[in-house]
Amino acid sequence: MNRKMRMPVIAGNWKMNNGPAAAEKLVGEIKPFAETAGCEVVLCVPYVSLQAALAAAAGTGIKIGAQNCHWAPSGAFTGEVSAEMLKELGVPYVIVGHSERRQYFGETDGTVHDRTRAALDAGLKVILCVGELKAQRLSGITAEVVRLQTKLALEGVSAEEVEQRVVIAYEPVWAIGTGLTATPEQANEVNALIRALIAELYSAQTAERTVIQYGGSMNDANAGELLAQPDIDGGLIGGASLSAEKFAAIIKAASA
Ligand code: PGA
């Protein structure tokens with residue numbers, strides 16, 4: 001199986017943007033492009049916009065995702081939302097371990113693991129984010145950091161789950177929201193090492209079937225080059241996913 005046999009996944013991460021009304025509008029604008037896409041299209045929206053986005057995306061190929069979930073099914077965790085609750089709402093995808101959660105909200109490899117496990121147990125698909133800080137890249141420890149994050153998150157996750165319900169997003173923290181994109185070669189190098197780790201942890205076959213995205217200032221201008229790399233199977237897109245036009249261009253690049 002080669003790169004062309006893995007269906008690329010283009011996922012928008014709206015972050016803390018677009019309430020229900022704006023969500024309905026943007027999903028509507030993206031709809032026509034998703035219908036002809038040669039990739040899977042996912043939109044990860046704020047919790048309060050999930051219902052509006054689900055309704056707007058009904059009957060289209062667009063999948064809706066949340067941006068996080070708690071590891072417990074329910075309980076005294078003020079402000080949190082469980083994977084079970086997302087499942088009940090009909091949400092198929094959830095982002096876990098985004099670097100903004102790790103940096104600003106104290107999430108650790110341990111909680112990222114627990115959230116991943118909970119999401120999979122609830123039957124959701126997970127977009128698992130990993131990536132090094134700028135200082136870690138400069139210190140030459142990118143490979144160690146990314147391997148460790150991936151390995152800890154996937155502890156106890158089966159080969160079948162990895163192949164069918166986990167998308168790994170390599171997102172170098174220094175490239176997120178900064179306009180600094182990893183070069184296609186830099187990004188592919190890390191994606192390839194994640195794939196090699198999956199082969200080590202599971203098997204060569206599982207590694208070949210695992211979808212590994214790149215994220216970090218991916219946009220309409222650089223998507224083509226990044227997505228042409230053999231180990232980059234799609235993208236997790238923040239800023240550029242807020243524009244239907246730019247996001248459509250990225251969908252098109254992934255469908256080429
Ligand atoms: P960006 O965000 O595309 O705005 O850099 C990517 C992400 O955080 O997933």
Side-chain angles (χ1 to χ4, degrees), residues 8-18 22-23 26 30 33 39-47 49-50 53 62-69 91 93-107 112 115-116 119 125-134 136-137 142 145-146 149-150 153 166-184 186-188 190-191 194 211-227 229 232-254:
V9 177
I10 295 296
N13 173 13
W14 289 0
K15 310 193 178 184
M16 198 172 70
N17 296 288
N18 293 330
L26 187 49
I30 292 167
F33 304 104
C39 61
E40 190 163 342
V41 178
V42 184
L43 298 174
C44 297
V45 314
Y47 288 133
S49 302
L50 283 169
I62 299 174
K63 309 277 191 334
I64 300 300
Q67 298 171 10
N68 200 7
C69 68
V91 173
Y93 265 96
V94 63
I95 296 174
V96 170
H98 191 276
S99 68
E100 284 153 14
R101 299 298 318 172
R102 296 179 192 252
Q103 272 188 296
Y104 307 139
F105 303 97
E107 290 192 17
V112 170
R115 290 174 204 267
T116 301
K125 289 189 173 184
V126 173
I127 298 178
L128 167 66
C129 303
V130 296
E132 81 287 3
L133 301 167
K134 186 171 187 183
Q136 293 168 329
R137 175 161 284 265
T142 297
V145 170
V146 169
Q149 288 178 344
T150 308
V166 176
V167 171
I168 300 174
Y170 165 54
E171 296 211 303
V173 180
W174 48 270
I176 295 178
T178 56
L180 292 173
T181 317
T183 64
Q186 276 174 326
N188 192 67
V190 180
N191 278 36
I194 294 171
V211 174
I212 308 177
Q213 298 173 317
Y214 166 78
S217 300
M218 188 187 275
N219 58 37
D220 48 326
N222 60 27
E225 265 192 319
L226 286 160
L227 295 169
Q229 294 291 316
I232 301 181
D233 313 317
L236 182 57
I237 298 111
S241 74
L242 299 175
S243 149
E245 199 186 339
K246 289 183 184 167
F247 195 65
I250 299 171
I251 293 173
K252 207 168 157 199

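Remember, it's 1-based here, ligands and their atoms both numbered in the order they're listed. No experiment lies behind these values; they were computed from the predicted model shown. Every heavy atom of this structure was used, including side-chain atoms; hydrogens, water molecules and symmetry mates were not.
How far CG of Leu236 is from CD1 of Ile176: 8.0 Å, rounded to the nearest 0.5 Å.
Among the atoms of Ala240, none of the N or O lies under 3.5 angstrom from an N or O of ligand 1. Close N/O approach between Ile237 and ligand 1 is not found [any backbone or side-chain N/O within under 3.5 Å].
In the vicinity of Gly216, heavy-atom distances shorter than 4.0 Å reach the ligand 1 atoms 5 (O). Taking a cut-off of under 4.0 Å to the non-hydrogen atoms of Ser217, the atoms of ligand 1 that pass are 1 (P), 3 (O), 5 (O). The atoms of ligand 1 that sit less than 4.0 Å from any heavy atom of Gly177 are 1 (P), 4 (O), 5 (O). Those atoms of ligand 1 with a heavy atom of Ala175 less than 4.0 angstrom away are 5 (O).
Among all protein heavy atoms, the one lying closest to atom 2 (O) of ligand 1 is Lys15 NZ, 3.2 Å. Considering only non-hydrogen protein atoms, atom 3 (O) of ligand 1 sits nearest to Gly238 N, 2.8 Å. Nearest protein heavy-atom neighbour of atom 4 (O) of ligand 1: Gly239 N, 2.8 Å.
The environment of Gln103 atom CD is dense: over 12 non-hydrogen atoms of other residues, nucleotides or ligands sit within 6.0 angstrom.
Judged by the shortest distance from any of its heavy atoms, Gly215 lies outside the 4.0 Å radius around the atoms of ligand 1. Ligand 1 does not have Ser99 within reach: every non-hydrogen atom of the residue lies 4.0 Å or more from it.
A donor-acceptor pair shorter than 3.5 Å can be found between the side chains of Trp174 and Glu132. Judged by distance alone, the side chains of Asn18 and Ser49 never bring a donor and an acceptor atom under 3.5 Å apart.
Side-chain atoms of Gln149 come within 3.5 Å of backbone atoms of Gly131 as a donor-acceptor pair (strictly under, hydrogens ignored). Panel note: side chain Gln67, backbone Cys44; a donor-acceptor pair is recorded below 3.5 Å. In this structure, Arg101 contributes its side chain and Val96 its backbone to no donor-acceptor pair below 3.5 Å. A donor-acceptor pair under 3.5 Å links the side-chain atoms of Asp233 to the main chain of Ile212, judged by distance alone.
Counting heavy atoms from C-beta on, the side chains of His98 and Lys15 come closer than 4.5 Å.
Across Glu171, His98, Glu100, heavy-atom proximity to atom 8 (O) of ligand 1 is greatest for His98.
In Cys129, neither the side chain nor the backbone holds a heavy atom less than 4.0 Å from any atom of ligand 1. With a 4.0 Å cut-off on non-hydrogen atoms, Asn13 touches ligand 1 through its side chain and not its backbone.
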